[in-house]
Number of protein chains: 2
Amino acid sequence: MRLAVLGAGSWGTALAAHLARSGHPVALWARDVELVRQINQERSNPVYLPSFPLPAGLQATASLEDAVAEAETVFVVIPSAFCRSVYRQLRPVLGPRAVIVSATKGLELGTLRRMSEVATEEVPGRALAVLSGPSFAVEVAQEQPTTVVVAAADLTVAEAVQRAVSSKHFRAYSSGDVVGVELGGALKNVIAIAAGIVDGLGHNTLAALVTRGLAEMTRLAVALGARADTLSGLAGLGDLVLTCTGGLSRNRRLGEALGSGKSLEEARRLLGSEGAHMVAEGVGTAPAACALAARVGIEMPIAFQMRAVLQEEKAPRAAVEELMLRTLKRE
Amino acid sequence: MRLAVLGAGSWGTALAAHLARSGHPVALWARDVELVRQINQERSNPVYLPSFPLPAGLQATASLEDAVAEAETVFVVIPSAFCRSVYRQLRPVLGPRAVIVSATKGLELGTLRRMSEVATEEVPGRALAVLSGPSFAVEVAQEQPTTVVVAAADLTVAEAVQRAVSSKHFRAYSSGDVVGVELGGALKNVIAIAAGIVDGLGHNTLAALVTRGLAEMTRLAVALGARADTLSGLAGLGDLVLTCTGGLSRNRRLGEALGSGKSLEEARRLLGSEGAHMVAEGVGTAPAACALAARVGIEMPIAFQMRAVLQEEKAPRAAVEELMLRTLKRE
């Protein structure tokens with residue numbers, strides 16, 4: 001099956017490499033012409049996935065039209081802030097029977113749309129799935145056993161994508177709950193920032209935070225139409241545990257920097273200086289989650305505290321103390 | 001409030017120290033006369049909680065009768081294998097209005113009883129609560145922020161215990177779901193052994209295991225009368241995350257040793273040689289969980305594989321591969 005992956009960040013590159021290794025011809029689209037040249041000539045992505053050789057079946061291109069021209073399935077793996085513009089460019093060049101798979105974990109600022117909603121608005125009438133779950137890019141590249149969920153409103157679409165992406169090392173499960181799978185992947189980034197801030201307070205505290213975090217993620221997702229058991233699955237709990245405890249997460253590292261007294265600007269610069277120009281999606285998702293929570297009238301104490309921290313209205317440690325020291329009550 | 005803590009292992013000692021620091025006079029019972037002498041003279045527990053000074057209000061004793069004579073609340077923090085015998089000794093010496101709080105995380109082999117059921121059988125007619133949640137003993141001793149759940153059939157009992165144990169650093173939530181709180185604490189030890197075995201397979205795999213683990217824990221607990229949301233709370237998910245990712249867990253370390261090719265006997269000896277003669281409760285809980293699952297007719301794939309590994313019927317890595325490579329399906 002001819003595939004395209006849009007976005008050559010660490011996750012896009014790792015996913016493209018995995019798909020190519022599984023025997024599919026894969027076109028990997030990047031806007032940056034120099035990065036395209038490096039990928040095709042050096043057979044690696046030195047910026048976002050260094051020291052990892054890319055398989056032969058993967059070809060990079062800076063032309064969106066070339067990337068998707070023959071693609072039966074197009075994976076979109078770009079930061080949420082750029083998704084609408086890329087989908088808009090995609091509309092005139094995408095084949096009529098191509099399936100779109102959104103693998104971006106975030107919400108659109110302002111509109112508060114999930115990425116599949118953005119896709120439907122900009123490229124209407126296409127079969128659409130979302131892919132999410134606990135999947136650090138480096139470990140997928142290393143063929144460490146990884147499991148994800150593919151969800152689509154039409155289960156036959158989810159199952160077709162499931163078959164296309166699954167291998168011995170990479171197991172996909174299918175689901176009909178698009179809302180739950182997308183919100184799980186987006187909201188866990190907010191909790192991960194809090195997990196970074198509590199770093200140094202011990203594992204007991206972190207475990208409590210993960211538990212409370214899943215509870216408020218589930219509350220919001222269910223209010224927006226998701227199934228609770230999706231949030232207890234790989235795309236909710238699984239990804240939350242990975243992001244809060246795995247150590248490789250950008251959002252968690254951002255929280256650690258904030259917790260150690262850095263400003264948001266300094267924390268972002270620190271992440272940038274670690275060798276990859278990576279986006280911590282949780283920074284935008286925190287206010288978006290709070291706005292959604294207000295809209296449906298539910299409480300999200302962790303997200304609210306993180307929004308205040310990110311707006312530099314509150315010191316990170318003070319926010320965490322407030323979360324820990326709520327009055328005695330029933331669980 | 002005059003309190004007794006039965007069992008001077010790491011968790012019993014840390015809990016007793018916490019309670020004494022909160023201003024309660026605490027009698028800490030240990031069978032070992034030499035350990036009692038060390039605690040009272042050296043003001044530390046060099047065997048189970050080394051390098052941690054014990055507060056003045058804590059007095060150790062080797063006499064069960066003296067320990068509980070005046071106690072209004074008695075915390076039982078001893079390995080599950082010894083609970084029935086200690087409860088039996090407790091019956092004639094316990095005051096008629098004393099409250100029992102079970103903080104042991106395990107099931108009784110053979111009978112498959114939860115520890116509160118053992119307590120009720122041996123010391124009938126007493127007010128009874130259970131205490132569980134993500135609480136590494138060392139971190140409680142260090143006053144790292146910790147949260148637990150106290151459950152009792154009679155919520156006024158749970159709330160009285162909640163007030164007695166809560167401090168700024170140690171937050172207790174109350175619950176009416178004794179079955180859920182006890183099974184969460186017991187069953188997570190089985191998943192933690194599997195978490196140790198998958199060590200080295202990457203964080204993606206571990207996150208998937210934790211997710212699947214909580215699903216099967218919840219399935220069994222609900223079939224036995226627990227509420228699903230208790231398992232999604234501190235005593236289920238919280239303690240599971242702590243035990244599988246926190247690094248300090250005995251059950252997880254036992255799994256690591258098994259995964260690296262050690263026999264069960266060697267793995268247990270290795271834990272013993274780490275300076276403390278600690279019990280990995282999961283070794284007994286795995287077959288007990290499987291027997292309970294069979295009784296109520298539910299599937300627990302991870303527990304079944306761990307039972308086979310612990311009975312040395314299956315190589316650890318083969319068991320994990322079987323768990324990861326189940327056929328494609330809906331989540």
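Labels below follow one simple rule: chain letters A, B, ... track the order of the sequence lines, proteins then strands, and each chain is numbered from 1.
- Looking at B:Leu214, only its side chain comes within 4.5 Å of chain A, counting heavy atoms on both sides.
- A salt bridge links A:Arg252 with A:Glu256: the closest approach of a Lys/Arg side-chain nitrogen to an acidic carboxylate oxygen falls below 4.0 angstrom.
- Contacts with chain A were tallied for B:Leu201, B:Thr147, B:Thr245, B:Thr146; B:Leu201 has the most, counting heavy-atom pairs under 4.5 Å.
- Between A:Lys105 and the options A:Glu281, A:Glu182, A:Lys188, a side-chain contact (heavy atoms from CB on, under 4.5 Å) holds for only A:Lys188.
- In this structure, chain A has heavy atoms under 4.5 Å from both the backbone and the side chain of B:Ala208.
- If you tally non-hydrogen atom pairs under 4.5 Å between each of A:Ala228, A:Ser135, A:Ala215, A:Ala235 and chain B, the highest count goes to A:Ser135.
- The residue among B:Gly238, B:Pro145, B:Gly202, B:Gly236 with the most heavy atom pairs within less than 4.5 Å of chain A is B:Pro145.
- No cation-pi contact links B:Arg21 to B:Phe52, judged by a cut-off of 6.0 Å to the six-membered ring centre and 45° from its axis.
- Of all heavy-atom pairs between B:Val148 and B:Leu234, the closest is O-CD1, 4.2 Å.
- If you take CG on A:Leu49 and CD on A:Gln142, they are separated by 9.0 Å, rounding to the nearest 0.5 Å.
- Proximity to chain A (any heavy atom under 4.5 Å) is shown, for B:Val138, by neither the backbone nor the side chain.
- Ranked by non-hydrogen atom pairs under 4.5 Å with chain A, the options B:Leu237, B:Leu240, B:Val241 are led by B:Leu237.
- In this structure, B:Ile197 and B:Met306 have side chains that are in contact, with non-hydrogen atoms separated by less than 4.5 Å.
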